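Note that the structure is predicted; figures quoted are calculated from it, not measured. Every chain is numbered from 1 and lettered A, B, ... according to where its sequence line falls, protein lines coming before strand lines.
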Amino acid sequence: MSIAVSLRHQAGAFTLDAAFHMPPTGVTALFGPSGAGKTTIVQAIAGLIQPQSGRIAIGERILLDTGAGLAVPAHDRRIGYVFQDARLFPHLTVERNLLFGWRRARPRADGDEIARVIALLGLAPLLARKPRGLSGGEKSRVALGRALLSRPALLLLDEPLSALDAARKAEILPYLERLRDSAGLPMLYVSHAAEEVLRLADHVVLLAGGRVTGEGSVFDFAAGDLDGAMVRATGAVFETRVAAQREDGLTVLSFDGGELLVSRLARAVGTALRVRIRAEDILLARLRPDSISANNILETRITAIRPSGSEADIHLRCGGTPLTARITQSSLARLSLREGERVFAIVKSVTVDARMKD
Amino acid sequence: MPLILTPPEIEALLLSLKVSGVAVAAALPFALAAAFALANRDFPGKILVDGILHLPLVLPPVAMGYLLLVLFGTRAPLGAFLLDHFGIRFVFSWTGAALAAAVLTFPFQMRAIRLSLESVDPGLADAARTLGARPLDRFFSITLPLALPGIVAGSITAFAASLGEFGAIITFVSNIPGETRTLPLAIYTALQAPGGDVVAARLAALSIGLALVFMTLAEFAGRRARWGTR
């Protein structure tokens, strides 16, 4: 059961002509610059605007098929929508906001599920308050909870973090990660921030000028390997598993291609964790360095060299895992690197994202 | 100038309050429907409909009273129909005064309601749609409660304005003590009688006092209207 979207819509000088598929689980990011048509797409999926032509289906359930003259009204679509500006109802308390969609859902979520959502998003202390007095981050959490309790078949998140400052973003991201890892609910996450996409998404759809320019896994996205991608590689994202807890206070993570040593993580052996390595945080060496403070030195092979201005992105493969290093053109010339050659990647820093799955 | 009101003056005051109250309550559903039809949407002929609905605001009240007489007089088709089938008689009756006041203050009420409906962020109704709320449900659960302070303020203003209605009432239902003699008509009657200016001054002061009280109330109600905005 996958989610298929194809839309054609013209408004003024802007033409949207986009088609893509979403896997039935996990987070799909709709990534692109402002004006690319991201919001138009999510509004069409929710049924808030009627595209001139298109087809939207969640598995067997068809929400829109202009060819067949079919358009399910927004209130019958069961699509949760978290707006950029939260849009809480100002005359209702947080509790009544949360229950607004719940009351209208068939079948309704039971008491356990309500309690679970309230706990997941930390909403218990806010229930009796009115939206007016809430902080931006609190409003986002309530909006998220309100959409979840309406029992949607698909959750749309339209740049839910863009109105928040860095501190508030950092406050909300863990909630979104918990949601991704605990709810078996497909989510379409609209963003123009690569950092959020790398942290949250499983699947990425690239959008520019109203067209889909690339589609693939977040790992390919991070490596700059999506077809037609107009974005540069930002680094590497890949799945690891906790392999061992060492006595010297380090945690060993294994991945397809080797192992990484990181500062102690309080996670059980076998826990799956997503790891990010920024392109700027990888140094390259022709020979294995033996007196160096870095813990992680990976043997890799160069798969591609992509110059960009005074720098070059060196695409590497360590076992089955793609990595990217960003070095200067002068370093590239000095090391005279070529595709297919062996090179050692010295990893300066590793970011580990929380994953709650198994 | 004795400030104690005489029984006929108290009668005029109570009648005024009754006529205005009934006028505002009767006009409210129509004003609400018209405001909802005009707010946030376009249809062919909207400007014309809008203009017709605002006519009572600019027509001479006496002309309005005459029009009502033509329509609702006991020999006029509509007036005869209402009298024969429902026993409703507007002419020479306080209900006729209420009808005149309702027609004349309808635009006040409709404008205030329309403005407050339009000030409700349509994005909130969109949010309600994605949460499963149908059109009527959205209107009653989101738009109407958020517009309510503005609706209350508009109704209070319309009430205060209808307390001062004169021309249409005297033309349509005449000046009958205890039945159609509201405060303005009582002031007019007093001024017609020799030595009546003390009574007129007292009733005028009372009218000013009432107007001040209700306009202050409307202001208080309107302040809460900021709810509806983002």
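Heavy atoms closer than 4.5 Å to chain B are found in the backbone of Ala147(A), but not in its side chain. Both the backbone and the side chain of Arg146(A) have a heavy atom closer than 4.5 Å to some heavy atom of chain B. There is no contact between Leu149(A) and chain B, counting heavy-atom distances below 4.5 Å. Residue Ile79(A) touches chain B through its backbone alone, counting heavy-atom pairs closer than 4.5 Å.
No more than 12 heavy atoms of other residues, nucleotides or ligands shown are found within 6.0 angstrom of OH on Tyr188(B). The number of heavy-atom neighbours closer than 6.0 Å to CZ of Phe166(B), taken from other residues, nucleotides and ligands shown, is above 12. By the 6.0 Å contact criterion, OH on Tyr175(A) is enclosed, its count of non-hydrogen atoms from other residues, nucleotides or ligands being greater than 12. Atom CZ of Phe89(A) has more than 12 heavy atoms from other residues, nucleotides or ligands within 6.0 Å. Atom CZ of Arg151(A) is surrounded by more than 12 heavy atoms from other residues, nucleotides or ligands within 6.0 Å. More than 12 heavy atoms of other residues, nucleotides or ligands shown are found within 6.0 angstrom of CZ on Arg108(A).
A distance of 6.0 Å separates CD1 of Ile142(B) from CG of Leu92(A), quoted to the nearest 0.5 Å. The CG atom of Leu99(A) sits 11.5 Å away from the CG atom of Leu131(B) when rounded to the nearest 0.5 Å. Rounded to the nearest 0.5 Å, atoms CG (Leu124(B)) and CZ (Phe83(A)) are 9.0 Å apart. Note: Ser141(B) OG to Arg104(A) CZ = 4.5 Å, rounded to the nearest 0.5 Å.
Annotation for His75(A) and Pro135(B): closest pair CE1-CD, 4.0 Å, computed over non-hydrogen atoms.
Contact check for Leu148(B) versus His91(A): no side-chain heavy atoms found under the 4.5 Å cut-off.
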